[in-house]
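What you see below is based on every heavy atom in this structure, not just the backbone, and it leaves out hydrogens, waters and symmetry mates. For clarity, every value in this text was computed on a predicted model and none was experimentally measured. Note on naming: letters A, B, ... go to the chains in the order of the sequence lines (proteins, then strands), and numbering restarts at 1 for each one.
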Number of protein chains: 2
Amino acid sequence: MSLDHAILGFLADGDLSGYDIKTRCVDRDASHFWTADQAQVYRTLDRLESARYVTSKQKIQTGKPNRKVYRITRAGRVRLDDWLATSHALPPYRDPFLIQVYFGSELSDEALADVLERTRTQRQMRLSALRERATSHAMEVGSGADRAALMHRMTLDAAMAAERAAIDWLDDSLDTLRSLAAESGSQRQLFREDQA
Amino acid sequence: MSLDHAILGFLADGDLSGYDIKTRCVDRDASHFWTADQAQVYRTLDRLESARYVTSKQKIQTGKPNRKVYRITRAGRVRLDDWLATSHALPPYRDPFLIQVYFGSELSDEALADVLERTRTQRQMRLSALRERATSHAMEVGSGADRAALMHRMTLDAAMAAERAAIDWLDDSLDTLRSLAAESGSQRQLFREDQA
DNA sequence: CACCAATATAGGATAAAACATATATAAGGC
DNA sequence: GCCTTATATATGTTTTATCCTATATTGGTG
């Protein structure tokens, strides 16, 4: 469902082929809030065309395979605008990493800390990539930021905020784990102190 | 795949029926990081049994329908521990709400602000529910928090941190939208100042 | 000249998730 | 007496997403 509207959104700004949508839109512009593989994009376009939300035209190219260029219809615009203006229920939270943490007591302190640290590295890499994109976005639009550019920037900020929050939590949790390990390391001593 | 390991994790702590796993574990204990419907739970248990990661025994009950109680096998424990100790790739980011923001320039300032505000309300409700759970968790374990209880608490903290980050971002974005609306409201005046 | 990357679309197979329905018993409220 | 809730499991269907493979052309690299 969501991909339908994302594609309609991109087409609202101008005609595009499936290839354009996959490489330029989904993989580049929308990669920080949505992903879809090539098959999904083409099949979604087929579905949107059957439902008359988009139309297509063959563009004959020389030197390259022909393109099928899609255009949004009036019905497509209506559907997009309706969806955009609707407040949808929050999708359920789903984080496989938190399953690992929840059952983390099965592991040793070291093994668990290792998993957290690796996750932190991955999140940090993601955050760095987002920062780069935010910087280049700022360079492109300069001071004359139009409304669309501002919205795009806001989505980057949301993704960055989420990554930062995750990283901060990871740091806190790693601290907790370390003090836990230190505590259990001095267990015997603590026990003797209790007895005294 | 993740549900497989979550179920193995719950079974590692003791035998459970499909009904237990759905109502006690998934819907209550794990609801802040995973969801699954009843059909998914029963079918996953079938699959885990076929793969010999769990075994089952019929328990005859009087007054209630009979139960099928599952027990984790040695192979199941190995599989669980392997998975827990492995650092998995981050799942792709996917947030339908950010699709709405990305194409939000299609909407009026008011319509967009309304969508953000409603989302804020939903997030705030989720955060409140998480806070309640964290409080009752703290009450239950008291000062004698064992390792498992600490991990459970950490997952609640992660979920709360994510909600707080989302709410902060929503507040910032709503501020931005409001100043944008104020700016465009005084557009004519600004234009005259530019001319002067 | 073989191989690979880029351009461009499409379909088969499978996995994961969501939605709906069926079946059966007992307790409690209206 | 009827309806709802709780207990308990199972299957059918559809949607969404992922993975893999097929097809076809051009240009560049080794």
Side-chain angles (χ1 to χ4, degrees), chain A residues 1-7 15-28 30-31 33-51 54-70 83 88-96 99, chain B residues 1-7 15-28 30-31 33-51 54-70 83 88-96 99:
Chain A
M1 284 286 96
S2 294
L3 182 62
D4 294 40
H5 300 103
I7 287 177
D15 300 353
L16 295 163
S17 69
Y19 188 80
D20 294 333
I21 290 170
K22 170 59 178 156
T23 57
R24 292 220 298 271
C25 304
V26 175
D27 286 354
R28 206 190 53 196
S31 61
F33 59 82
W34 208 260
T35 58
D37 78 347
Q38 177 255 68
Q40 230 188 317
V41 169
Y42 282 104
R43 274 195 266 244
T44 302
L45 283 167
D46 281 348
R47 200 155 26 81
L48 290 173
E49 191 170 21
S50 306
V54 303
T55 56
S56 69
K57 263 185 197 166
Q58 279 281 338
K59 295 269 153 142
I60 282 94
Q61 297 193 123
T62 50
K64 290 174 187 174
N66 295 337
R67 290 155 58 84
K68 214 168 150 185
V69 177
Y70 290 88
W83 185 82
H88 307 282
L90 290 180
Y93 227 86
R94 220 174 242 146
D95 188 347
I99 301 180
Chain B
M1 285 285 96
S2 293
L3 183 61
D4 294 40
H5 300 102
I7 288 178
D15 299 353
L16 295 163
S17 71
Y19 188 78
D20 294 334
I21 290 170
K22 169 60 178 155
T23 55
R24 292 221 299 270
C25 304
V26 174
D27 286 353
R28 207 189 53 195
S31 61
F33 58 83
W34 208 260
T35 57
D37 78 348
Q38 178 254 68
Q40 232 187 315
V41 169
Y42 281 103
R43 273 196 264 245
T44 302
L45 283 167
D46 282 348
R47 202 155 25 82
L48 290 173
E49 191 171 21
S50 307
V54 303
T55 57
S56 70
K57 264 185 195 164
Q58 279 282 338
K59 296 266 153 145
I60 282 95
Q61 298 194 123
T62 51
K64 291 175 188 175
N66 295 337
R67 289 155 58 82
K68 213 168 150 185
V69 177
Y70 290 88
W83 185 81
H88 307 282
L90 290 180
Y93 227 85
R94 219 175 241 145
D95 188 347
I99 300 180

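Of all heavy-atom pairs spanning Thr55(B) and Glu49(B), the tightest one is C-OE2, 4.1 Å. The shortest heavy-atom contact between Val26(B) and Ala36(B) is CG1-N, 3.8 Å. Taking each heavy atom of Trp83(A) and Ser2(A) in turn, the nearest pair found is CZ2-OG, 4.5 Å.
When rounded to the nearest whole Å, the span between CE of Met1(B) and C1' of dA15(C) equals 8 Å. Distance, Arg43(A) CZ to dT15(D) C1': 12 Å, rounded to whole Å. Rounded to whole angstrom, the span from the CD atom of Gln58(A) across to the C1' atom of dA8(C) amounts to 10 Å. Regarding Ile99(B), its CD1 atom lies at a distance of 13 Å from the C1' atom of dT16(D), rounded to whole Å. For the pair Leu45(A) CG and dG11(C) P, the computed distance is 13 Å after rounding to whole Å. The separation between Lys59(A) atom NZ and dT7(C) atom C1' is 17 Å, rounded to whole Å. Summarising the geometry, the separation between CZ on Arg24(A) and C1' on dT7(C) is reported as 12 Å, rounded to the nearest angstrom. Atom pair Gln40(B):CD and dT16(D):P shows a separation of 15 Å (rounding to whole Å applied).
Interatomic distance, CZ of Arg94(A) versus CG of Leu3(B), reported as 8.5 Å (0.5 Å rounding). Within the model, atoms OH of Tyr70(B) and CG of Asp46(B) stand 5.0 Å from one another, a figure rounded to the nearest 0.5 Å. To the nearest 0.5 Å, atoms CG (Asp27(B)) and CD (Gln38(B)) are separated by 10.0 Å.
When the nucleotides dC19(D), dA10(C), dT11(D) are ranked by their closest atom to the side chain of Asp46(A), dA10(C) comes out on top. Comparing atom distances between the Tyr19(B) side chain and each of dA8(D), dA17(D), dT18(D) picks out dA8(D) as nearest.
Mapping Ala39(A) and Arg67(A) onto DNA chain C by nearest heavy atom places Arg67(A) closer to the 5' end of the strand. For Tyr42(A) and Ser2(B), each mapped to the nucleotide of DNA chain C holding its nearest heavy atom, the one lying further toward the 5' end belongs to Tyr42(A). Along DNA chain D, the nucleotide closest to Asn66(B) and the one closest to Arg94(B) are compared, and the more 5′ of them pairs with Asn66(B).
Within the 4.0 angstrom heavy-atom criterion, no nucleotide atom of any strand lies near Ala36(B). Thr23(B) comes within contact range of no nucleotide atom at all, as no heavy-atom separation falls under 4.0 Å. At a threshold of 4.0 angstrom between heavy atoms, the contacts of Arg47(B) with the nucleic acid are absent.
Considering only side-chain N and O atoms, Lys68(A) lies under 4.0 angstrom from the phosphate OP1 or OP2 of dA10(C). Using a 4.0 Å cut-off, no side-chain N or O of Thr35(A) falls inside it from OP1 or OP2 of dA17(D).
Each end of the helix from dC1(C)-dG30(D) to dC30(C)-dG1(D) gets its own axis, taken as the rotation carrying the C1' atoms of four end pairs onto the next four within a five-pair window, and the two axes meet at 20° to the nearest 10 degrees.
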Pairs under 3.5 angstrom, nitrogen or oxygen only, protein versus nucleotides 21-26 of chain C, please.
{"unit_1": "dA26(C)", "atom_1": "O4'", "unit_2": "Gly63(B)", "atom_2": "O", "d": "3.2"}

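The side-chain heavy atoms of Lys57(A) and Asp15(A), taken from C-beta on, include no pair separated by under 4.5 Å. Contact of the Ser31(A) side chain with the Tyr93(B) side chain is not registered, since no non-hydrogen atoms from C-beta on lie closer than 4.5 Å.
Not a single donor-acceptor pair under 3.5 Å links the side chain of Tyr19(B) to the backbone N or O of Lys68(B). Panel note: side chain Asp20(B), backbone Ser17(B); a donor-acceptor pair is recorded below 3.5 Å.
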